[in-house]
Number of protein chains: 2
Amino acid sequence: MRYSKQRELIINIIKGRCDHPTADMIYSSAREIEPNISLGTVYRNLKLLSDEGEIITLETVDKKLHYDGDISRHSHFICEDCGKIIDLFRPANTPREISDLGLTVSGEKCIYYGKCQECQ
Amino acid sequence: MRYSKQRELIINIIKGRCDHPTADMIYSSAREIEPNISLGTVYRNLKLLSDEGEIITLETVDKKLHYDGDISRHSHFICEDCGKIIDLFRPANTPREISDLGLTVSGEKCIYYGKCQECQ
DNA sequence: ATAATAATAGTAATCATTACTGATAACGAT
DNA sequence: ATCGTTATCAGTAATGATTACTATTATTAT
């Protein structure tokens, strides 16, 4: 993978913030520094970085992909009303522990990724 | 909520199979029994049933929503290559336990849903 | 410096999902 | 049982996030 100014900018943006922005939000931030950067470039690099394991993608309920620059092992809480995404850093997140953070939990989805027996 | 023949058909289809079909797959099955059923009707009812908690939606990597008629507490494994979705019914699913099923785990995403402090 | 070719900007295309509209069907009230 | 209200429907159009395409530019090995 060659160096590119645009990709470095995108990495810096996503690693430098604590929320979980969409491609569009990252595009907005990028344009403040590199006004000619293209939305396609943002999407392509986010996909690339995600494939390389440098960032994490979150498929949420708003039909947009959200990106997380923090690849340390942690879970997420998504508010069904406002869509806010909250990091959960404790090693084991039981519904009880999350309730203690002032959050009301109504459901959870845990998905593991990898290769099935046939595809290995 | 009023009774409707179409909705009952959709419920029966999704509850009667063990995989995790997309709206399109459910539409195909439905048309075999009710040839005039509309794709919009399928989408509307799937959303409705999901909101009511009668079925579960899975935001996967193929940009399509998948539906699960089994709302008992369980996790899922998604193959990064073929996209297959496998149910994981054991009470605690550690990467180790999943490996024992012949699956290679490369990552996991755990998302909790509910209401944040501001939205309660 | 040059050649080879990733990567980009800008734009067009894709396609899952949602919105819309006039017709139909469920169901409580009469 | 019929009527009126309105949820639901079939069919189609619109939406919008993401991807694909193309001519140009930038990186890097030689």
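Throughout, a chain's letter reflects where its sequence line sits, starting with A, and its residues are numbered from 1. These numbers come from the heavy atoms of this one structure, side chains and all, not from hydrogens, waters or symmetry mates. The structure presented is a predicted model; accordingly, all values stated were derived computationally and were not measured.
Taking atom CD1 on A/I10 and atom C1' on C/dA7, their separation rounds to 11 Å, with Å as the unit. Straight-line distance from the CE atom of B/M1 to the C1' atom of D/dA7: 11 Å, rounded to whole Å. Remark: C1' of D/dT18 and NZ of B/K64 are 14 Å apart, rounded to the nearest angstrom. The CD atom of A/E59 sits 16 Å away from the P atom of D/dA17 (whole-angstrom rounding). Distance, A/R7 CZ to D/dT27 C1': 11 Å, rounded to whole Å. Rounded to whole Å, the distance from OH on A/Y3 to P on C/dA6 is 19 Å. Rounded to whole Å, the distance from CG on A/D62 to P on C/dT18 is 12 Å. Rounding to whole angstrom units, CZ of residue A/R2 and C1' of C/dA3 are separated by 11 Å.
Although no hydrogens or angles enter the test, the distance criterion places no donor-acceptor pair under 3.5 Å between the side chain of A/R31 and the main chain of A/S38.
More than 12 heavy atoms of other residues, nucleotides or ligands lie within 6.0 Å of NZ in A/K15, so this atom counts as buried by the packing criterion.
The C1' atoms of five pairs define one axis at each end of the helix from C/dA1-D/dT30 to C/dT30-D/dA1, and these two axes lie 40° apart (to 10°).
Salt bridge status for A/K109 with B/E59: present, with a side-chain N to carboxylate O gap under 4.0 Å. A salt bridge does not link B/D62 with B/K64: every distance from a Lys NZ or Arg NE/NH1/NH2 to an Asp or Glu carboxylate oxygen is 4.0 Å or more.
Here the side chains of B/M1 and B/E52 are in contact, with some heavy-atom distance below 4.5 Å.
We find the CD1-NE2 distance between A/I56 and A/H20 to be 8.5 Å, quoted to the nearest 0.5 Å.
The closest side-chain donor-acceptor pair between A/E108 and B/Y113, if any, does not fall under 3.5 angstrom. A donor atom on one side chain and an acceptor atom on the other are found under 3.5 Å apart for B/D70 and B/S72. Residues B/T41 and B/Q6 bring no donor and acceptor atom of their side chains to less than 3.5 Å of each other.
Distances shown here put a side-chain N or O of A/Q6 below 4.0 Å from the OP1 or OP2 atom of C/dA9. Put simply, A/S4 has no side-chain N or O that comes within less than 4.0 Å of OP1 or OP2 on D/dA26.
Contacts between residues 27-55 of chain A and DNA chain D, counted as heavy-atom distances below 4.0 Å, involve A/Y43, A/K47.
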